[in-house]
Participant: 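What follows is a structure written as structure tokens; I'll ask about it next.
Proteins get letters first, then strands, A, B, ... in listed order; numbering begins at 1 in each. Computed from a prediction, not measured in an experiment: that's the story for all the values here.
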Protein chains: 2
Amino acid sequence: MNAPTAAVNSIRVAIVEDDDCIRAGLVRMLSRTSICRPVCNFANAESALSALPEYKPEVVLMDINLPGIDGVECVRRLKDKMPGVQFIMLTVYGDSDRVFHSLMAGASGYLLKRTPSPALLDAICEVHAGGSPMTPQIARRVVQFFQKVPDRSPQLEKLSPREKEILVLLSEGLLYKEIVAHLGISLDTVRTHIRKIYEKLHVHSRTAAVAKYLDSSDRFLSG
Amino acid sequence: MNAPTAAVNSIRVAIVEDDDCIRAGLVRMLSRTSICRPVCNFANAESALSALPEYKPEVVLMDINLPGIDGVECVRRLKDKMPGVQFIMLTVYGDSDRVFHSLMAGASGYLLKRTPSPALLDAICEVHAGGSPMTPQIARRVVQFFQKVPDRSPQLEKLSPREKEILVLLSEGLLYKEIVAHLGISLDTVRTHIRKIYEKLHVHSRTAAVAKYLDSSDRFLSG
DNA sequence: CGCTCCCTCGCATCTTTATGCGATTTTAAC
DNA sequence: GTTAAAATCGCATAAAGATGCGAGGGAGCG
């Protein structure tokens with residue numbers, strides 16, 4: 001099974017890349033394998049946006065730097081129309097901001113353009129199988145995101161258990177009277193607790209307290 | 001240069017793993033290369049916490065499942081004492097919650113125990129070079145974090161640019177009058193915008209709006 | 001025992017928000 | 001060239017929130 005002809009079960013791949021040379025190279029590379037098949041390719045986001053969906057690719061290789069509409073925005077719009085399609089971003093270097101914007105736009109993988117062909121093929125398979133291929137360098141950028149809150153806010157730790165409990169309810173948008181109903185205490189008691197919370201967090205409004213709370217702890221997880 | 005003897009410039013690796021068999025296997029494997037060198041190994045977190053720092057490892061392979069203090073907590077405490085050391089978590093399968101807890105505790109890599117030896121060695125080098133090796137499956141878990149609102153909050157997208165702008169200010173805890181000063185518009189205009197925001201988000205208080213906003217979009221990035 | 005902290009409750013007052021019902025202008029879309 | 005949406009402003013009223021002052025009961029500590 002080394003025939004370069006398109007296998008029926010090969011992964012349908014689309015390419016969006018403005019450099020003619022690189023684009024042709026990718027097409028050629030994909031054509032030489034049986035696991036992938038280039039079904040279409042575009043030199044800019046505009047043409048990809050209008051014509052790419054017709055080809056029903058399963059995986060899209062997307063250059064992040066495109067003239068006009070850039071790769072991130074292109075992914076955002078395409079992902080909206082084709083939620084099941086997997087996008088791999090290609091970039092010349094790991095631009096931190098764009099990594100996140102791409103991931104948030106719906107991309108699943110993030111590779112450097114100088115990735116060798118075999119690794120790129122692996123990545124296409126991985127992303128097609130539900131993984132998120134990315135270079136360790138780029139992964140580190142992502143990982144650092146989860147580490148940037150070293151000591152979950154010193155002020156927050158000064159709150160008493162009851163105060164933390166109420167702060168959580170505040171952050172969920174409950175009215176004072178709803179907190180009253182929820183905790184079975186009087187309105188004035190709620191006021192007193194919140195007053196203390198404000199003192200300890202050095203704020204003067206509930207939204208500021210909530211902002212400080214949500215901004216300085218693991219709003220990510222349950223515990 | 002195939003001598004199993006410790007090279008001077010080899011990466012100093014520590015191992016924390018409660019399964020004697022696996023631990024011995026890792027030590028043996030690392031001993032057979034010139035790029036790494038096992039400098040110590042422990043069967044539980046407690047002994048690692050007290051003795052590991054003395055050996056000054058550069059990379060630590062940490063089993064996530066340990067009796068008593070678990071691997072995540074162990075990393076948290078060790079990372080506190082040795083910020084420059086890189087930790088790679090080892091797990092039998094990709095447990096979603098623990099992935100994040102590990103990353104937040106300070107781990108940089110996350111691999112499955114069944115990772116083949118060459119790949120594990122690569123990972124040690126990568127983490128030592130500032131990367132974050134992880135399997136594509138685990139990377140996907142991390143990536144999904146940035147996408148966890150598949151259609152990034154339908155309601156939020158209905159907001160006009162100005163409304164989004166004001167919502168951001170609201171979420172930072174600014175008073176109406178502060179928003180007035182910030183945007184150079186009248187108090188009543190701010191009211192009108194916020195009224196529309198409430199309508200579109202189906203809420204009736206600023207905190208509820210902020211909660212909805214922070215809970216369903218990119219609180220991560222600038223724009 | 002006195003001290004401190006937490007949780008509870010009350011009253012009074014002032015500020016901030018929420019919302020109903022308007023309006024005009026500009027710009028983009030059909 | 002009408003329609004629609006966005007951004008701007010105004011007035012009025014009612015609800016919610018912020019804050020000052022005070023106070024009693026219980027848990028824990030030196």
Participant: Find the distance B:His204:NE2 to C:dT17:C1' and express it as a whole number of Å.
Facilitator: 14 Å
Participant: Between B:Ile166 and A:Lys177, which has a closest nucleotide on DNA chain D that is more 5'?
Facilitator: B:Ile166
Participant: Report the distance from atom NZ of B:Lys196 to atom P of D:dT8, rounded to the nearest whole Å.
Facilitator: 13 Å
Participant: What is the distance from NE2 of B:His193 to C1' of D:dA6, rounded to the nearest Å?
Facilitator: 8 Å
Participant: Taking the nucleotide of DNA chain D with the nearest heavy atom to each, does A:Leu175 or A:Glu199 sit closer to the 5' end?
Facilitator: A:Leu175
Participant: Mind calculating the distance between CG (B:Leu201) and C1' (C:dT19) to the nearest angstrom?
Facilitator: 16 Å
Participant: Starting from C1' on C:dA12, measure out to CG on A:Leu187 and report it in whole angstrom.
Facilitator: 14 Å
Participant: Is a donor-acceptor contact shorter than 3.5 angstrom present between the side chain of A:Thr192 and the base of C:dC7?
Facilitator: no
Participant: Ignoring backbone atoms, establish whether A:Ser186 has a side-chain N or O less than 4.0 Å from OP1 or OP2 of C:dC9.
Facilitator: yes
Participant: Whole angstrom is fine here: how far is it from OH in A:Tyr176 over to C1' in D:dA18?
Facilitator: 7 Å
Participant: What nucleotide, of C:dT17, C:dC9, C:dC6, holds the atom closest to the side chain of A:Ile185?
Facilitator: C:dC9
Participant: Counting only side-chain nitrogens and oxygens, does A:Arg162 get under 4.0 Å of the OP1 or OP2 atom of C:dC5?
Facilitator: no
Participant: Rounded to whole angstroms, how far apart are OH on B:Tyr198 and P on D:dA16?
Facilitator: 13 Å
Participant: Nearest-Å distance, CZ (B:Arg206) to C1' (C:dT19)?
Facilitator: 16 Å
Participant: Answer yes or no: does atom NZ of B:Lys113 have more than 12 heavy-atom neighbours from other residues, nucleotides or ligands under 6.0 Å?
Facilitator: yes
Participant: Decide whether A:Thr189 and A:Ser186 meet the rule of one side-chain donor and one side-chain acceptor closer than 3.5 Å.
Facilitator: yes
Participant: Could you walk me through whether B:Gln86 and B:His128 pass the side chain to side chain donor-acceptor pair (under 3.5 Å) test, one step at a time?
Facilitator: CA-CA 7 Å; B:Gln86 301 302 322; B:His128 186 248; over 6 Å; no
Participant: Which of these passes side-chain contact (heavy atoms from CB on, under 4.5 Å) with A:Leu159: A:Glu165, A:His193, A:Lys200?
Facilitator: A:Lys200
Participant: Under 4.0 Å: is that the gap between some side-chain N or O of A:Arg195 and OP1 or OP2 of D:dA18?
Facilitator: no
